[in-house]
Amino acid sequence: EQRINNMNTKVCLILLAAVASLAYADERPTYSYQQPQNSYSPPQNTYQSPEESSEEVYSAPSEESYSASSEEKEEYGYGPAKYDFDWSVKDEYSGNDFGQEESRDGDRTDGSYYVHLPDGRLQKVTYYVDGDSGYVAEVTYEGEAQYPEESEESSESYKAPNPSYSAPSPSYSAPESEESEEAVVPSGRYGAPRN
């Protein structure tokens with residue numbers, strides 16, 4: 001009987017839960033649309049002219065604050081750039097012959113470089129840079145290109161190489177018998193090596 005009562009109680013609770021869930025399901029949220037309110041207001045003028053402001057006003061540094069004084073220029077070597085240099089390489093054995101020279105005074109740079117070409121000519125490039133004008137170069141050649149004449153002997157003496165490839169020979173050979181191989185089983189102890 002107690003079993004039946006427990007079962008009836010469970011059935012009643014289940015039915016009560018089902019009714020409650022159905023009642024809750026009927027209540028749906030409602031949504032409505034409302035026209036937005038006009039909340040715009042023009043910005044307020046909060047700007048104060050420098051005369052009215054009590055704050056310190058920024059002013060750009062003067063041109064003098066950027067440049068070094070004449071005493072500093074002399075002490076630290078400031079001022080317009082000025083230099084001269086040249087270098088060259090001439091090696092009779094290899095036939096290398098090239099070099100460069102350049103001078104600069106302020107914004108003006110003049111220079112040249114040269115190289116002896118394999119065909120016997122001298123190639124020379126003369127250039128200058130004046131301020132922001134960019135790199136201006138002129139290329140000249142001295143001499144005539146000379147190529148050695150090909151002799152009949154040199155053209156006939158060339159032969160294509162003979163192929164020297166040969167198939168590899170096998171280097172592995174199978175053991176003669178299985179008796180010749182001995183299995184080494186580790187003993188687990190350290191000992192002198194066996195011969």
Side-chain angles (χ1 to χ4, degrees), residues 35-174:
Q35 184 176 4
Q37 301 294 320
N38 186 3
S39 61
Y40 173 76
S41 62
Q44 297 180 6
N45 187 1
T46 58
Y47 171 76
Q48 294 178 355
S49 66
E51 295 86 35
E52 297 172 11
S53 175
S54 62
E55 295 180 18
E56 186 176 322
V57 178
Y58 171 78
S59 61
S62 64
E63 186 68 30
E64 294 171 4
S65 66
Y66 288 119
S67 62
S69 68
S70 60
E71 291 174 8
E72 288 177 324
K73 287 180 182 180
E74 289 176 16
E75 183 180 346
Y76 296 108
Y78 294 143
K82 187 170 185 163
Y83 61 83
D84 292 297
F85 74 86
D86 62 71
W87 60 271
S88 63
V89 172
K90 186 165 185 160
D91 183 28
E92 296 292 333
Y93 179 74
S94 66
N96 285 330
D97 186 8
F98 52 91
Q100 179 186 8
E101 61 183 65
E102 183 175 290
S103 64
R104 180 173 179 180
D105 189 6
D107 289 340
R108 176 79 180 188
T109 305
D110 294 291
S112 66
Y113 55 91
Y114 68 93
V115 62
H116 275 268
L117 299 173
D119 62 9
R121 297 180 297 164
L122 175 73
Q123 178 186 25
K124 188 171 184 178
V125 178
T126 306
Y127 61 90
Y128 73 89
V129 179
D130 192 8
D132 293 330
S133 67
Y135 182 84
V136 180
E138 179 185 346
V139 181
T140 59
Y141 295 92
E142 296 175 10
E144 276 190 44
Q146 298 179 8
Y147 303 100
E149 291 187 26
E150 206 174 298
S151 65
E152 290 180 28
E153 184 179 302
S154 65
S155 64
E156 291 176 7
S157 65
Y158 174 76
K159 289 184 181 179
N162 291 331
S164 62
Y165 174 77
S166 59
S169 60
S171 60
Y172 172 77
S173 60

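Numbers here simply count residues along the sequence, with the first being 1. Quick caveat: nothing in here was measured; it's all calculated off a predicted structure.
- Contacts of Ser133 classified as side chain to side chain donor-acceptor pair (under 3.5 Å), with partners at least two apart in sequence or in another chain: none.
- Counting heavy atoms from C-beta on, the side chains of Phe85 and Gln100 come closer than 4.5 Å.
- What you find for Gly106 and Pro80 is that their closest heavy atoms are CA-CB, 3.8 Å.
- Side-chain contact between Trp87 and Tyr113: absent, with no pair of heavy atoms (C-beta onward) separated by less than 4.5 Å.
- Among residues two or more places apart in sequence or in another chain, the ring-ring contact (aromatic ring centres under 6.0 Å, His included) test is passed with Tyr135 by Tyr127.
- Partners of Asp84 by salt bridge (Lys or Arg N to Asp or Glu O under 4.0 Å), not counting sequence neighbours: none found.
- Identified under the salt bridge (charged side-chain N to carboxylate O under 4.0 Å, His left out) test for residues 112-125, with sequence neighbours left out: Asp119-Arg121.
- Legend: salt bridge (charged side-chain N to carboxylate O under 4.0 Å, His left out) pairs involving residues 127-147, not counting sequence neighbours, sorted by first then second residue: Arg108-Asp130.
- Residues satisfying the side-chain contact (heavy atoms from CB on, under 4.5 Å) test with Asp97, not counting sequence neighbours, are Lys90, Tyr114, His116.
- Take Asn96 and apply the side chain to side chain donor-acceptor pair (under 3.5 Å) test, not counting sequence neighbours, and it matches Ser94.
- With sequence neighbours left out, the side chain to side chain donor-acceptor pair (under 3.5 Å) criterion links Tyr147 to no other residue.
- Listed by chain and number, the residues in a side-chain contact (heavy atoms from CB on, under 4.5 Å) with Val136 are Tyr128 (sequence neighbours excluded).
- Applying the salt bridge (charged side-chain N to carboxylate O under 4.0 Å, His left out) test to residues at least two apart or on different chains, none of the pairs has a partner in residues 35-45.
- Note that CG of Asp110 and OG1 of Thr126 are 9.5 Å apart. Values are rounded to the nearest 0.5 Å.
- Every residue two or more places apart in sequence or in another chain was checked for a side chain to side chain donor-acceptor pair (under 3.5 Å) with Asn162, and none qualifies.
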